[in-house]
Amino acid sequence: MPPRQRYGTDDHEHYERPRRRTRPRTKDRPSYADAAEAVVVTVDRGRYTLRPDGAGSDGVGERVMAMRARPLGRKAVVVGDRVRVVGDLSGDDGSLARIVEVTERRTVLRRTADDDDAIERVIVANAEQLVVVTALADPEPRTGLVDRALVAAYDAGMQPLLCLTKADLADPDAFLTTYRSLGVPWVVTQRGGDLAELRERLAGRGSVLLGHSGVGKSTLVNALVPDADREVGHVNAVTGRGRHTSVSAYLMTLPDDPADGWIVDTPGIRSFGLAHVQPEDLIEAFPDLDEETEECPRGCTHGDDEPECGLDEALEAGRADADRVRSFRRLLAARSEPAW
Ligand SMILES: Nc1nc2c(ncn2[C@@H]2O[C@H](COP(=O)(O)OP(=O)(O)OP(=O)(O)O)[C@@H](O)[C@H]2O)c(=O)[nH]1
Ligand SMILES: [Zn+2]
């Protein structure tokens, strides 16, 4: 019986029992049956900003501050997590709700420990797509960085999307040659151009936008979510911290998308360690190549310095495309390049 009904008006017996016998037994522990569901919008030093399902309706705020409750133990709570929450959901100043449960994650985008940060971290949960924002010029695109972002996407089980900005300054063809054989989808954007194609790619799903300073990521975010600055500003006002100083990832629902798509901006993510990514995990993103590695010697990394790699046999036998194998091996090598 749900706990709510234990205190129902029909339950006379419950109150007539001697007091001692009503001592809570294990099965009477709170089950949080009336907890609300919410998504984690941003995380800032132990404080979580949530958007509850049904936000904006009776007594339910658009943005609710919360802390973690004891039942969570040490489990991390990250941006994009679906959580169950109890307590004050009004979102009023000074109110604080409690997160009692984190729903199982569909994807996890993580980064390995790096110089600035000794802990391996999950950056975003439940996103399906990683949008790698790269300028075609000013700054010049850097293949190594794009490759590293792709490795992170494939490892996370996310679909990559190349978003090539500043197409008014340079032609995308030369750059795209590098990615054609991997089959990475792409869109181009330019100053004054419309974002219809990008919006279509973002509709109805969760996407993380990753890009280096100056590539035009903020310009895109502001066009997609005209309220973006105000939203992030509001969170920092509540937490008492300056704008864009401490928030490293921030989730926004797309206002023009009836299918409830959302994006996560990552203004604070400056490095992206990939040491945790194993060749076996990466090659799974390329089933045709994966199949060719079944006979590889134990521990084969599938790199071009491996003496008996199945990928080389597949090339010799004409079963694999040389450009595709070369590109896959370039991604493998990008794991250990410095910085993202
Ligand atoms: N020519 C051209 N310039 C653009 C385009 N998109 C953005 N810019 C310019 O590029 C510069 C950087 O854009 P931002 O949107 O601030 O880039 P960002 O990636 O968010 O960089 P940070 O704010 O430093 O993190 C700005 O001067 C923009 O006006 C574009 O499509 N074409
Ligand atoms: Zn191999």
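One-based numbering, in listed order, for ligands and for the atoms of each. Because the structure is predicted, anything quoted here is derived from the model rather than measured.
Annotation: side chain of V225 is in contact with side chain of P255 (closest heavy-atom distance under 4.5 Å). Residues E101 and Y32 have side chains not in contact (no heavy-atom distance under 4.5 Å, counting atoms from C-beta outward). Inter-residue side-chain proximity for R330 and T143 is flagged as met; some heavy-atom pair is nearer than 4.5 Å.
Of all heavy-atom pairs spanning L150 and P160, the tightest one is CD2-CB, 3.5 Å.
For the Zn ion (ligand 2), the nearest N, O or S atom contributed by H302 is named ND1.
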Pair L251-I263, side-chain contact (heavy atoms from CB on, under 4.5 Å): steps then yes or no: CA-CA 6 Å; L251 184 149; I263 58 172; over 6 Å; no

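The distance criterion of under 3.5 Å between nitrogen or oxygen atoms is not met by Q190 with respect to ligand 1. For L169, no nitrogen or oxygen atom sits less than 3.5 Å from a nitrogen or oxygen atom of ligand 1, counting backbone and side chain alike. The shortest N or O to N or O distance between A167 and ligand 1 is not under 3.5 Å.
Using a 4.0 Å cut-off to heavy atoms of S218, the atoms of ligand 1 that qualify are 15 (O), 18 (P), 20 (O), 23 (O). With ligand atoms numbered from 1 in the order given, ligand 1 contributes 17 (O), 19 (O) to contacts under 4.0 Å with heavy atoms of V215. Counting atoms of ligand 1 from 1 in the listed order, those under 4.0 Å from a heavy atom of H212 are 19 (O).
Looking only at atom types and distance, the side chain of S181 has a donor-acceptor partner in the side chain of S327 under 3.5 Å away. D44 and Y250 share no side-chain donor-acceptor pair at under 3.5 Å. In the model, H276 has no side-chain atom that pairs as donor or acceptor with a side-chain atom of D281 under 3.5 Å.
At a 4.0 Å heavy-atom cut-off, ligand 1 does not touch L220 at all.
Within the 4.0 angstrom cut-off, atom 27 (O) of ligand 1 has no protein heavy-atom neighbours.
The single protein non-hydrogen atom nearest to atom 15 (O) of ligand 1 is T219 OG1, 2.5 Å, given as residue, atom name and distance. When only non-hydrogen protein atoms are considered, atom 17 (O) of ligand 1 lies nearest to G216 N, 3.0 Å. S213 OG, 2.6 Å is the protein heavy atom nearest to atom 24 (O) of ligand 1. The nearest heavy-atom contact from the protein to atom 1 (N) of ligand 1 is D168 OD2, 2.9 Å. Here the heavy atom of the protein found nearest to atom 29 (O) of ligand 1 is R191 NH2, 2.8 Å. Nearest to atom 5 (C) of ligand 1 among the protein's heavy atoms is K166 CG, 3.7 Å.
Rounding to the nearest 0.5 angstrom, the gap separating the CZ atom in R74 from the CZ atom in R68 is 9.5 Å. Interatomic distance, CG of L96 versus CG of D88, reported as 8.5 Å (0.5 Å rounding).
With a 6.0 Å cutoff to the six-membered ring centre and a 45° limit on the axis angle, R148 does not count as a cation-pi contact of Y154.
At least one heavy atom of G214 sits closer than 4.0 Å to an atom of ligand 1.
Annotation: angle subtended at the Zn ion (ligand 2) by C296 SG and C309 SG is 110°, to 10°.
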